[in-house]
Amino acid sequence: MDLESVTEELYGLRPDRFTAARNARAAEARKAGDRALAEAVRSLRRPTLAAWVSNLLVRERPAEARSLAALGDGLRRAHRELDGERLRELSRKQHAVVAALARQARQLAADAGQPVGDDVQHEVEATLHAVLADPAAAGEWASGRLVRPLSAPVGFGAALTEAPLPEGGRGAGGRERSAERAAAPAQRPRGTGARRTGGRSAREGTVGGGEAEAEGKREREKRAAEERERAERERREQELREELRRAEEEAGAREEERERAAADRDRAEEALREAASRVDALAADLAEAERARRTADEEVRTARRRFQGAERAAREARRRARDAAARAGRRGSPP
């Protein structure tokens, strides 16, 4: 038994079976005399339900896991290269893939005897988005040993959906058409009519330019407001994620304390069972010794009775010998 094999085994178990199995493996290592392994096994933390479901997905669907990692590589590359078209294409794909994988994970959990709800599925989706955004998170998930679900960095999803437009795209075409419209008056034929309408055209151009400037200002203000709203939404989401992370850490710490207390209890109960076993053995020895003592007492009493009987017989024999000697002496003496 080694730490790698034990870790692989434990993180493949349902969370409700993790602690008992971990404590059993730690006890086995301790009985085998490997205290370092026992402590290392005992320090393994039980995964949350969402982390276990995420682990289950990567363990049971390795091909899909590799495909998701490849999609994440493509998204990050497009994001670095500011390839807006490719980024939007992969972004649409990632939402469909993440949703499908999260549903698969939920079904795998149900098949394993542990149905989960929508909240756990959402946490699995957040983990998969983190895998797409962060190669370190992807490597952590690929190990199949998450302890808690992952969270994507703030702003990554926004960057995918609000990517800059590539040159030659709709934005460039818009700029070209605006330039053409701006150049059109200069291409009109020069003449009397043009001179007569010159003042009016200038006034109309001034009015039109003012309206365009106002429209541009409104558009900029709208975009600025949307950007502020998006930033505020991301800030609130980040606060909520941070609050969730702190709550999960607190819950994890309490769970670790409970598991340590359970391990201490298990060790105390094991020591109690061993002491009780020794007491039982000593009690059995004591009972056997008591039986031997009683047998010895009986044998002593029996021996004493035999001794007393032999002693009485000897006294009687000596008395008869004396009487016989006395009679013989009387017969042999003269009258």
Side-chain angles (χ1 to χ4, degrees), residues 1-49 51-52 55-56 112-115 145 147 249-329:
M1 180 172 64
D2 57 69
L3 182 60
E4 176 64 23
S5 62
V6 172
T7 304
E8 183 67 16
E9 173 198 357
L10 292 178
Y11 283 97
L13 298 175
R14 282 175 11 198
D16 58 349
R17 298 177 179 174
F18 182 93
T19 302
R22 181 199 60 191
N23 293 344
R25 294 294 177 267
E28 289 175 12
R30 190 166 55 251
K31 288 180 180 177
D34 195 339
R35 297 182 63 85
L37 177 60
E39 289 302 317
V41 171
R42 208 161 63 84
S43 68
L44 295 175
R45 296 172 57 190
R46 187 182 73 172
T48 66
L49 192 54
W52 171 74
N55 293 337
L56 185 63
Q114 181 66 68
R145 300 174 185 178
V147 173
E249 288 182 351
E250 178 69 17
R254 299 289 81 77
E255 180 62 23
E256 289 178 358
E257 290 177 3
R258 188 194 69 79
E259 290 178 355
R260 284 195 295 270
D264 292 342
R265 180 204 61 199
D266 292 342
R267 285 196 300 273
E269 289 178 350
E270 182 180 352
L272 177 61
R273 286 192 296 271
E274 291 176 355
S277 178
R278 289 195 297 271
V279 167
D280 291 342
L282 291 172
D285 293 343
L286 179 61
E288 181 62 27
E290 183 63 26
R291 286 192 296 272
R293 185 190 64 80
R294 288 196 296 270
T295 300
D297 285 347
E298 182 61 30
E299 290 174 350
V300 167
R301 286 193 293 271
T302 301
R304 284 174 179 172
R305 287 194 296 270
R306 287 199 303 269
F307 173 75
Q308 291 168 356
E311 192 176 42
R312 284 193 300 272
R315 284 197 302 270
E316 181 63 24
R318 286 193 297 271
R319 186 187 62 77
R320 287 196 298 269
R322 286 194 300 271
D323 290 348
R327 287 195 298 273

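Worth knowing before you read on, the calculation uses all heavy atoms, side chains too, and leaves out hydrogens, waters and symmetry mates. A quick note: this is a predicted structure, and the numbers were derived from the prediction, not measured.
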Under a 4.0 Å N-O cut-off, is there an ion pair linking [X] with [Y]?
| X | Y | answer |
| --- | --- | --- |
| Glu290 | Arg294 | yes |
| Asp323 | Arg327 | no |
| Glu4 | Arg145 | yes |
| Glu311 | Arg315 | yes |
| Arg35 | Glu39 | no |

At what distance, to the nearest 0.5 angstrom, does [atom1] of [X] lie from [atom2] of [Y]?
| X | Y | atom1 | atom2 | value |
| --- | --- | --- | --- | --- |
| Arg46 | Arg17 | CZ | CZ | 13.5 Å |
| Leu44 | Glu9 | CG | CD | 11.0 Å |
| Glu316 | Arg312 | CD | CZ | 11.0 Å |
| Glu8 | Leu13 | CD | CG | 10.5 Å |
| Leu56 | Arg14 | CG | CZ | 11.0 Å |

Requested in this report: In sequence, state the C-alpha distance, the side-chain angles, and the governing distance for Leu10 and Thr7, and then conclude on side-chain contact (heavy atoms from CB on, under 4.5 Å).
Outcome: CA-CA 5 Å; Leu10 292 178; Thr7 304; 6.0 Å; no
**Report entry** Polar contact flag, side-chain donor to acceptor under 3.5 angstrom, Thr19-Arg22
**Finding:** no
Report task. Just do the salt bridge (charged side-chain N to carboxylate O under 4.0 Å, His left out) check on Arg305 and Glu298 with the steps written out, would you? Result -> CA-CA 11 Å; Arg305 287 194 296 270; Glu298 182 61 30; 3.7 Å; yes
Query - Taking every non-hydrogen atom, the tightest pair across Ala26 and Ala38 - result: O-CB, 3.4 Å
Requested in this report: Search all heavy atoms of Leu37 against all heavy atoms of Asp2 and return the closest pair with its distance.
Outcome: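 Heavy-atom minimum between the residues: CD1-C, 4.1 Å.
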Query - All side chain to side chain contact (heavy atoms under 4.5 Å, CB included) counterparts of Asp297, not counting sequence neighbours - result: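 Counting only residues at least two positions away or on another chain, Asp297 forms a side chain to side chain contact (heavy atoms under 4.5 Å, CB included) with Arg293, Arg301.
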Query raised in the report: Sub-3.5 Å donor-acceptor pair from the side chain of Trp52 to the main-chain atoms of Tyr11, do we have one?
Result: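 No: the side chain of Trp52 does not pair with the backbone of Tyr11.
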Requested in this report: Using atom types as modelled and distance alone, determine if a side-chain donor or acceptor of Ser5 lies under 3.5 Å from a backbone N or O of Met1.
Outcome: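 It does not hold such a pair.
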